[in-house]
Structure formats: C-alpha cells, structure tokens
Amino acid sequence: MSTDSLHDQLYAHLAQWGLRSFSSDADYFAWQRATLSAAELNRLNAQVERKRSGDRQDEIAFYDLTAEPQILPVLYSQRYEYFAEIGCRVLPRIGAATTVLDYGCGVGILTTLYARHCPETQFVGIDRSPASIAVAQSKAHELGMTNVRFECRDVEVETLRGSYDRIIATHALVQAEQDPGMPSRDWTTFERERDEKQQAAFEQRTSIDVRLDRLSGVLSPGGHMVIFEKTRQLARRVPFQRALARRGLQLIESPEPIRYRLVEEIADDGPFYVVQKGSSLPLAWNEAPEPDEGLPFNQAMLRSVPQDPDIPLYENHWPSAQQAWESLADRLVEQEETRRESDGRQLHVEFGSAEEQGYLYCANTFDQRQLILVEGSRKGMLDAYYREILSS
Ligand SMILES: C[S@@+](CC[C@H](N)C(=O)[O-])C[C@H]1O[C@@H](n2cnc3c(N)ncnc32)[C@H](O)[C@@H]1O
C-alpha cells in the first residue's frame, strides 16, 4: 500500500473515533472549551495531577476518565499526530503474524486500526483500565470487527497466557515518566557502569521488570516485539535497553527516534524499537548520546568573528559541549567545584580562561552539558553565572 493511501486510511480511522487534527493551540483550546463543561475540565485536570503521583489506582482512574464519551475525542485529539506516526510504523511490521498482542491498548484507537488493516490476523488488546476496555469492545462491535478482542488485565498483577507473533507496547511499558533513570559513572563521561543493583533498582521503580518478564514470556519463537516508549534521554534509554537485552530481546532494526507534534508542542520521543529473541544477526545496542545540534567548535575561528557584547562567542547546551570543552586550548581553571546534589546527581562547574577567552563549563551525571565562551574582558559575567549555578 502506498504511504499516501495508508495515511488517508489512518486519518479516516481517527475521524471515526471523533479525533480532529489541530495545528494551533488557540483553535484546539477553543474546541476543548466548547466541547467540555467547566466541571469536566476541572475533573480532568485534577485527575492529571493525581496521576503524577505514580499511584496505580490514580493512574487507572485517569485512564478510566479518558474513556468518557465527551473527554475521549478532546483528550486524544492532542495525540493525533502521535497516532499517525505510530500507526504507520507499526502496521508494516505486523506482516504475516497470525496473533498479535497490543499491551496497554487503552481505548483501542491503534488496536482497531491494526485489526482493520490485517483482517487475517487475530488481535488481543489488554489494558488495566476497565472503562478503556469497555470503550474498545464497543467500538470493535460498532465497526463489525471479528478479529479483535479486548480484555481487562493488569500485567503487573497476573501472568499472561497464549503465544503471540507480535507484541506491541506503545507508551505503556514505562509509565514512570518522572523517573530520572540511571546516572553516568561520573560527570566526565556518558558511560553507565554495568551495575546489576542499579539496573534492578531502575527496573523495579518503573515496574518494567515484571512487565517485560510477562510479555516476553508470551512471545512466540521468532516473534517480534514492537516498542515505543518515552526513553529518549540517555539516562533512561540505557537501562531500558539493558532491560530488554537481559531478557534475551535483541535489536533487529536500527532504533528510530520519532518527532511529532502535540498540537503546537514538539515531542521528541521513542526510539521506536523492533526486537526479537534468538536473532541470527542482531544489531548492537547503542549507548552513546544521540548526535546533537551543538555548534561545531573551533577556538581559532572565534577570534575572527565580529563581537556583539551581549552574545557569547560560543554557547553549547548539548552533549557535544563536552568535546568542545575537552578541546579548549591552554585551559586555565580559576574556580571549580564538584559536588553531589540532593537528588544524587554529581555536578561539576568550572570557570576559567582558555587562550584569550573566558569559559564556563557545567556537567552532570544525568548527561547535561553546557559550555559558554566569552571575550576575556567579559569574564566577570561568567564568574557571576558560576556562583549562581552553585547557589541554586
Ligand atoms: C498512554 S496509554 C497508551 C495507549 C496506547 N498503547 C497508545 O499507544 O496510544 C497507556 C496505557 O497503558 C495501560 N497500562 C499501564 N500499565 C499497565 C499494566 N500494568 N497492565 C495493563 N495495562 C497497563 C494504561 O491503563 C493505559 O491505558
């Protein structure tokens, strides 16, 4: 099927769910206000807040609320582009599978899309939100679908039965979005130690240990898992990938980071993984930071650039700031401090001069890097910034 016709079918499917595409926040919120009463909006906002606590019941209550007929189209329209991006990537990967499990299927917007496109394949959608499952069941019935069934199950609470050629997990495995992940060995490196205790603690905190054990337990021999989670930051990506690898799940495609719009907000998400057990040609896991948008650094070039007194000569807030800092010629450290913050991260701040410039470098074990260079005569401004970072 051509990409255009796949997209057309996808958009038609989303329209059947009452979803609308918005590119302006003003238009979206005007529609939200016109569609939801003030009481509904208050209830939704209050439940979003409660969900942040990470409490299981609060999370279930939130997803139950999103399944209410007024709320569903409004809330999920924000994710219109997400559904389009994920739908068109997952569909071609269902291939000749006979059985597919969509774990954490929610109200079934994507599950029903997959099942309509692959009528020969049997789909099972599971979710622990009873109201979401009820909506999914009624939509499948309304669409006359016979190759999909939905079950209310919590993977953390019960073991799964059956054997599936594809297991799909999109935004459902790592719900602990606030978890900082695993810190690097120290502030000079992005590398994570092979520390089984730290790894197990991450898996337990985020519950991916039991979720992955149970899901990988029902993957058929040669079956694939298609995974898309909020694991883009290196501190979460590394332990998440190691959790997959520990269960014998091997990469069979290059992971793809995905950018999509949530109305006007840009989400950098993923990566999109396809993994398999016992692959004969697995790809290596990549634990390096992603290529970033930091400016290439050349100290000699800086001196020839016309100076605007309010703009630093060089500023880089990306991982590549580390290479730029390492390549500073004749670096003379004037003040530096390395300390452990209350959340456990190690922070290093350094201020000094390099050739005729003043520089400030800041690095921590959760992969944040920052390098600023100014003309030597303006070094005082960096001194002030140095003290500000340490006092904050
Ligand atoms: C953000 S929604 C994602 C829905 C859908 N997969 C998608 O991509 O749009 C996450 C869903 O995972 C479900 N979920 C989270 N933990 C679960 C668990 N342990 N067992 C079953 N479902 C779970 C939630 O109830 C929620 O409906």
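All values below come from the heavy atoms of this structure, side chains included, with hydrogens, waters and symmetry mates left out. Positions are given from 1, in the same order as the sequence printed here. Note that ligands are numbered from 1 as they come in the structure, with each ligand's atoms numbered from 1 the same way.
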Given the ring of Phe351, does Arg387 sit roughly above its face, with NZ or CZ under 6.0 Å from the centre of the six-membered ring and within 45° of the axis?
no
Among protein heavy atoms, which sits nearest to atom 16 (N) of ligand 1, and what does the distance come to when rounded to 0.1 Å?
Arg211 NH1, 3.3 Å
Trace of the salt bridge (charged side-chain N to carboxylate O under 4.0 Å, His left out) decision for Asp268 with Arg259:
CA-CA 5 Å; Asp268 278 310; Arg259 173 171 282 189; 2.8 Å; yes
Would you call Asp367 and Pro319 a side-chain contact if the rule is heavy atoms closer than 4.5 Å?
no
Non-hydrogen side-chain atoms of Asn286 and Pro255 separated by less than 4.5 Å
no
May I ask which of Gly106, Cys105, Gly104, Ser129 has a heavy atom nearer to atom 12 (O) of ligand 1 than the others do?
Gly104
Which residue and heavy atom of the protein sit nearest atom 22 (N) of ligand 1, plus the separation:
Arg128 N, 3.2 Å
Using the side-chain contact (heavy atoms from CB on, under 4.5 Å) definition, which of the options Tyr103, Tyr164, Phe150 pairs with Val124?
Tyr164
Answer yes if the ring centres of His13 and Phe83 are under 6.0 angstrom apart, and no otherwise.
no
With heavy-atom distances below 4.0 Å as the criterion, list the atoms of ligand 1 near Thr170.
3 (C), 5 (C), 6 (N), 7 (C), 8 (O)
Which atoms of ligand 1 sit under 4.0 Å from any heavy atom of Arg79?
9 (O)
Proximal atoms of ligand 1 relative to Asp154 (non-hydrogen, under 4.0 Å)
18 (C), 19 (N), 20 (N)
N/O separation below 3.5 Å, Phe83 to ligand 1:
no
Within ligand 1, which atoms have a heavy atom of Glu59 less than 4.0 Å away?
15 (C)
Using every non-hydrogen atom in the two residues, find where Gln198 and Pro183 come nearest and quote the distance to one decimal.
OE1-CD, 3.7 Å
Check if Tyr82 has a non-hydrogen atom at a distance under 4.0 Å from any atom of ligand 1.
yes
Looking only at the aromatic ring of each residue, does the gap between the centers of Tyr76 and Trp17 stay below 6.0 angstrom?
no
Geometric N/O contact Tyr63 with ligand 1, under 3.5 angstrom:
no
For atom 20 (N) of ligand 1, what's the nearest protein heavy atom and its distance?
Val155 N, 3.1 Å
For Arg161, look at atom CZ and say whether over 12 heavy atoms of other residues, nucleotides or ligands are found less than 6.0 Å away.
no
Consider every N or O of Asp102 and every N or O of ligand 1, then say whether any pair is closer than 3.5 Å.
no
4.0 Å heavy-atom contact, Phe228 with ligand 1:
no
How far is atom 3 (C) of ligand 1 from its nearest protein heavy atom, and which residue and atom is that?
His171 O, 3.5 Å
protein heavy-atom neighbour closest to atom 13 (C) of ligand 1 works out as Asp127 OD2, 3.2 Å
For atom 17 (C) of ligand 1, the closest protein heavy atom turns out to be Tyr103 OH, 3.4 Å
Which atoms of ligand 1 are found less than 4.0 Å from any heavy atom of Arg153?
20 (N), 21 (C)
With atoms numbered from 1 as shown, which atoms in ligand 1 lie under 4.0 angstrom from a non-hydrogen atom of Leu110?
8 (O)
Which atoms form the tightest heavy-atom contact between Gln47 and Phe62, and what is the distance?
CG-CA, 3.5 Å
Determine whether Leu219 and Leu249 satisfy the following criterion, side chain to side chain contact (heavy atoms under 4.5 Å, CB included), listing intermediate values before the conclusion.
CA-CA 10 Å; Leu219 187 63; Leu249 294 163; 3.9 Å; yes
